[in-house]
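One structure is given here, and the rest of the page talks about it.
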Amino acid sequence: MSWSVLKALRENPDVLRENLRKRFMPAELVDKALELDKKWREVVTELNQVREKRNKINRMIPRVSKEEREKLIKESKELARLEEELNRKARELSEERDRVLSSLPALLHESVPIGPDETYNKPIRFWGKPRVPKSKLESFLKETDGFKVEYELIDWEPRGHADQLEQVLKLGDTLRAAEISGRRFFYLYKDIVWLEQALIMLALDHLTKKGFVPVIPPYMMREKYYLGVVDLETFKDSIYKVEDEDLYLIATSEHPLIAMHAGDTFVEEELPRLYVGVSPCFRKEAGTHGKDTKGIFRVHQFTKVEQIVFSLPEESWKWHEELIKNAEEIYQMLEIPYRVVNIASGDLGAVAAKKYDLEAWFPAQGRYRELVSCSNCLDWQSYRLRIKVDRKGRREFVHTLNSTALATTRTITAILENFQREDGSVEIPKALRKYLEPFEAAPKDVIVPIKEKYVKT
RNA sequence: GCCGGGGUGCCCUAGCCAGGAAGGGGGCUGGCCUGGAGAGCCAGUGGCCCACACGGGCCGCGUGGGUUCAAAUCCCACCCCCGGCGCCA
């Protein structure tokens, strides 16, 4: 049993080189890893031989005469020095090798579009009938190029979600939040709070009906486990650390949910394991200065319902399709027009072998924007966390998959734009009403502007 | 946070005081036996390296150090679990 990437390195390095080329990463990494691996194996072989010799001597010591004993102890001590030196060398080499190895990305699926950046992402299907303001028609036609997407042309301009939330409805405040906590934080009030709760319930309801087990995970985790689920770049750019503690705030419940099975060996019948995680997500959003600066589209903290699957290796591609389908069903229930995009190789993280994004139509922006990410990580995470399946004595690493079911803030922004009426009110998607019905204070059909803001900004 | 007990392979457990090649049971896999099944018996059931293979070796008893020719066993630090005390929403 070995990691598919390590196996490829030793048996078929050209496959790995090709993989790196397709991801626009330096292919020399392969040669470096190969060389380190080769050297390490040489040193380990030699080290094992020295140890064998010394072990044999040590086992003889209690069974020989006193004079003989002195001689053997001396010999053993000499070998110990040699062993220590080889051991140090082997350790250095393996650490260096593992550093290179852990920077190697998952093997791409053949259907991943090849290209250096997101402009090569490939839309694969569209759903819904978007409302398109006249001013955004050209942009819409470009975004749907090659597909026949029915749309409704409207002759008024919906407000962007940020203005709609803060200026018109007055149900959110990012200015005061910026003062209290910093940019990319928010206060949300009243109907939006109910809306968020209803969205969580809708997603939970939908997935638990399909057998996903709901989980609330720890919101912080140790570095050791974090490095089992994300690559170093992601770690540096998106994860908050707790001062003076070996703890990091989770960027998604995917991370503690995958780590939940660290070190476990499943029996075949226990797979697949399906989970739906609910948690706040904390992200530094480093390197996104200037992007989506208004409103709550890109924020440091939001709530997300997440699908997680631990699957048999041969079933992971089936589950990948299943997860994106589940997410699509949720947005169909919410009646939010969307498209599914196959993410290009250069835009794909090291952990994923293939990724679908579900992008919702935003009428005021005239663009499709990401709401959902759905990835198959193959054995990238399970190798690091030693999550295995015992198949009648033979062991393999399981495959792990993750997909957003619903991220609350982004879905709220999509509702604010797609369900906005010309008079400034926002209709509530019908599928949410049953989750609002039991509560007296909750809105039922429509969200209307309130008279006063809660803070004097 | 303090005091005490503990962590052994997929699961349970012996070994620790008194250092010298990890033993038993269960489960699972394969084989023998059987008309068939069961029982019984035999073997296998952590990771790594060398080897086409047959095999051989190394590491591994929560993690990392130390003592020693030799550590599951002795010493130190840390993590986790159980019990008690303390603190607390």
Side-chain angles (χ1 to χ4, degrees), chain A residues 1-12 33-102 216-228 241-242 244-248 256 259-273 280 310 312 379 381-398:
Chain A
M1 174 188 60
S2 69
W3 183 27
S4 55
V5 171
L6 183 58
K7 201 170 158 204
L9 177 75
R10 287 176 178 174
E11 292 172 9
N12 206 344
L34 258 181
E35 197 197 314
L36 286 164
D37 188 48
K38 189 169 156 260
K39 265 197 206 149
W40 172 78
R41 287 153 85 171
E42 281 165 14
V43 173
V44 160
T45 303
E46 201 185 340
L47 174 64
N48 285 348
Q49 284 161 359
V50 172
R51 279 176 168 161
E52 180 187 2
K53 207 166 152 194
R54 201 160 87 90
N55 285 341
K56 279 185 177 146
I57 291 171
N58 288 344
R59 281 181 218 124
M60 279 165 66
I61 287 176
R63 287 179 285 129
V64 296
S65 67
K66 227 174 183 165
E67 310 82 68
E68 194 75 6
R69 188 171 300 171
E70 296 302 318
K71 218 184 90 197
L72 288 177
I73 287 176
K74 209 175 143 209
E75 210 174 319
S76 178
K77 275 182 167 170
E78 268 164 41
L79 283 171
R81 270 195 293 278
L82 182 58
E83 183 189 324
E84 200 181 351
E85 196 192 315
L86 285 167
N87 195 21
R88 190 182 44 79
K89 225 196 258 178
R91 186 183 286 225
E92 279 168 16
L93 281 167
S94 73
E95 275 171 11
E96 179 70 17
R97 180 195 70 154
D98 289 347
R99 243 195 309 280
V100 178
L101 220 50
S102 67
I216 294 178
Y219 300 161
M220 302 178 209
M221 52 193 273
R222 296 201 169 102
E223 179 174 278
K224 178 181 159 196
Y225 291 96
Y226 234 118
L227 292 176
K241 182 170 196 316
V242 178
D244 296 330
E245 306 265 357
D246 176 25
L247 284 174
Y248 296 81
M260 183 167 77
H261 282 303
D264 284 355
T265 302
F266 294 104
V267 296
E268 229 169 309
E269 297 72 37
E270 289 174 325
L271 297 177
R273 292 292 271 250
F310 296 83
L312 292 172
D379 57 358
Q381 294 173 321
S382 64
Y383 168 73
R384 277 143 231 259
L385 293 174
R386 307 280 135 177
I387 306 172
K388 305 173 224 175
V389 54
D390 187 333
R391 322 192 76 167
K392 318 277 180 240
R394 189 169 48 91
R395 274 154 205 244
E396 288 178 30
F397 290 114
V398 305

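Here the structure is a predicted model, which means the values were calculated and not measured. No hydrogens, no waters, no symmetry mates; every other heavy atom, side chains included, goes into these values. In what follows, chains are A, B, ... by sequence order, proteins preceding strands, each numbered from 1.
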Next item on the list: Please tell me which of the listed nucleotides, B:C69, B:A21, B:C49, lies nearest to the side chain of A:Trp40?
Entry: B:C49
Checklist line | Span that lies between the C1' atom of B:G4 and that of B:G9, in whole angstrom | finding: 29 Å
Checklist line | Residue A:Arg41, side-chain atoms from C-beta onward, closest of B:C58, B:G20, B:C49 | finding: B:C49
Margin query: Of the listed nucleotides (B:G65, B:C50, B:C58), which one gets closest to any side-chain atom of A:Arg91?
Written below: B:G65
Heteroatom pairs (N/O) under 3.5 angstrom, protein to nucleotides 9-12 of chain B:
residue : atom : partner  : partner atom : Å
B:C10   : OP1  : A:Arg395 : NH1          : 3.3

Next item on the list: Using side chain to side chain contact (heavy atoms under 4.5 Å, CB included) as the criterion, point out the one residue from A:Arg88, A:Arg91, A:Lys89 that pairs with A:Val43.
Entry: A:Lys89
Note to self: Can you give me the dot-bracket string for RNA chain B, 5' to 3', counting Watson-Crick and G-U wobble pairs with both distances under 3.5 Å, using [ ] for crossing pairs and | for partners on another strand?
What the structure shows: ((((((((.[[[[.)....(..]]]]((((((.......))))))(((((....)))))..[[[[[..)....]]]]])))))))....
Note to self: Rounding to an integer number of angstrom, what distance separates B:U29 and B:G38 when you compare their P atoms?
What the structure shows: 11 Å
Next item on the list: For nucleotides B:A72 and B:G19, find the distance between their C1' atoms and express it as a whole number of Å.
Entry: 10 Å
Check: Can you find a side-chain donor-acceptor pair between A:Asp379 and A:Ser4 that sits under 3.5 Å?
Finding: yes
Next item on the list: Please determine, for the side chain of A:Arg222, which listed nucleotide (B:C59, B:C80, B:C69) has the closest atom?
Entry: B:C80
Margin query: Could you check whether any side-chain N or O of A:Ser76 sits under 3.5 Å from a backbone N or O of A:Arg54, counting only pairs where one atom can act as donor and the other as acceptor?
Written below: no
Item checked: RNA chain B: 5'-proximal contact among A:Pro62 and A:Ile73 (nearest heavy atom) -> A:Pro62
Check: On a whole-Å scale, what distance lies between the P atoms belonging to B:G57 and B:A22?
Finding: 14 Å
Check: Given atom CD of A:Glu75 and atom C1' of B:A70, what is their separation to the nearest angstrom?
Finding: 15 Å
Margin query: Rounding to an integer number of Å, can you tell me how far A:Lys74 NZ sits from B:A70 P?
Written below: 16 Å
Checklist line | Integer angstrom distance from the C1' of B:G24 to that of B:U8 | finding: 13 Å
Check: CG of A:Leu47 to CG of A:Asn87: how many Å apart, nearest 0.5 Å?
Finding: 5.5 Å
Check: Sub-3.5 Å donor-acceptor pair from the side chain of A:Lys241 to the main-chain atoms of A:Glu245, do we have one?
Finding: yes
Check: Side chain of A:Asp246, backbone of A:Glu223: donor and acceptor closer than 3.5 Å?
Finding: yes
Item checked: Min side-chain heavy-atom separation A:Val242-A:Tyr248 under 4.5 Å -> no
Check: Taking only side-chain nitrogens and oxygens of A:Asn58, does any of them come within less than 4.0 Å of OP1 or OP2 of B:A21?
Finding: no
Next item on the list: Starting at atom NZ of A:Lys53, determine the distance to atom C1' of B:C69, rounded to an integer number of angstrom.
Entry: 15 Å
Next item on the list: Sticking with atom P, work out how far B:G6 lies from B:A14, rounded to a whole angstrom.
Entry: 11 Å
Checklist line | Phosphate contact (B:G57 OP1 or OP2) by A:Arg51 side-chain N/O below 4.0 Å | finding: no
Next item on the list: State whether A:Trp3 and A:Arg384 meet the cation-pi test: NZ (Lys) or CZ (Arg) under 6.0 Å from the six-membered ring centroid, and within 45° of the perpendicular axis.
Entry: yes
Notebook entry, point to check: Is it true that a side-chain atom of A:Asp37 and a backbone atom of A:Arg10 form a donor plus acceptor pair closer than 3.5 Å?
Noted result: no
Notebook entry, point to check: If you pin A:Arg54 and A:Lys224 to their nearest nucleotides in RNA chain B, which one's is more 5'?
Noted result: A:Lys224
Margin query: Measuring only the P atom in each nucleotide, how far is B:A21 from B:A37? A whole number of Å is fine.
Written below: 43 Å
Item checked: Nearest non-hydrogen partners of A:Leu247 and A:Arg222, listed with the distance -> CD2-N, 4.2 Å
Next item on the list: Considering only atom P, compute the distance from B:G55 to B:A71 and round it to an integer number of Å.
Entry: 30 Å
Next item on the list: May I ask you to say what A:Arg10 touches in the nucleic acid, namely base, sugar-phosphate or nothing, with a heavy-atom cut-off under 4.0 Å?
Entry: sugar-phosphate
Next item on the list: Just call it for A:Leu72: base, sugar-phosphate, or nothing, with non-hydrogen atoms closer than 4.0 Å on any strand.
Entry: nothing
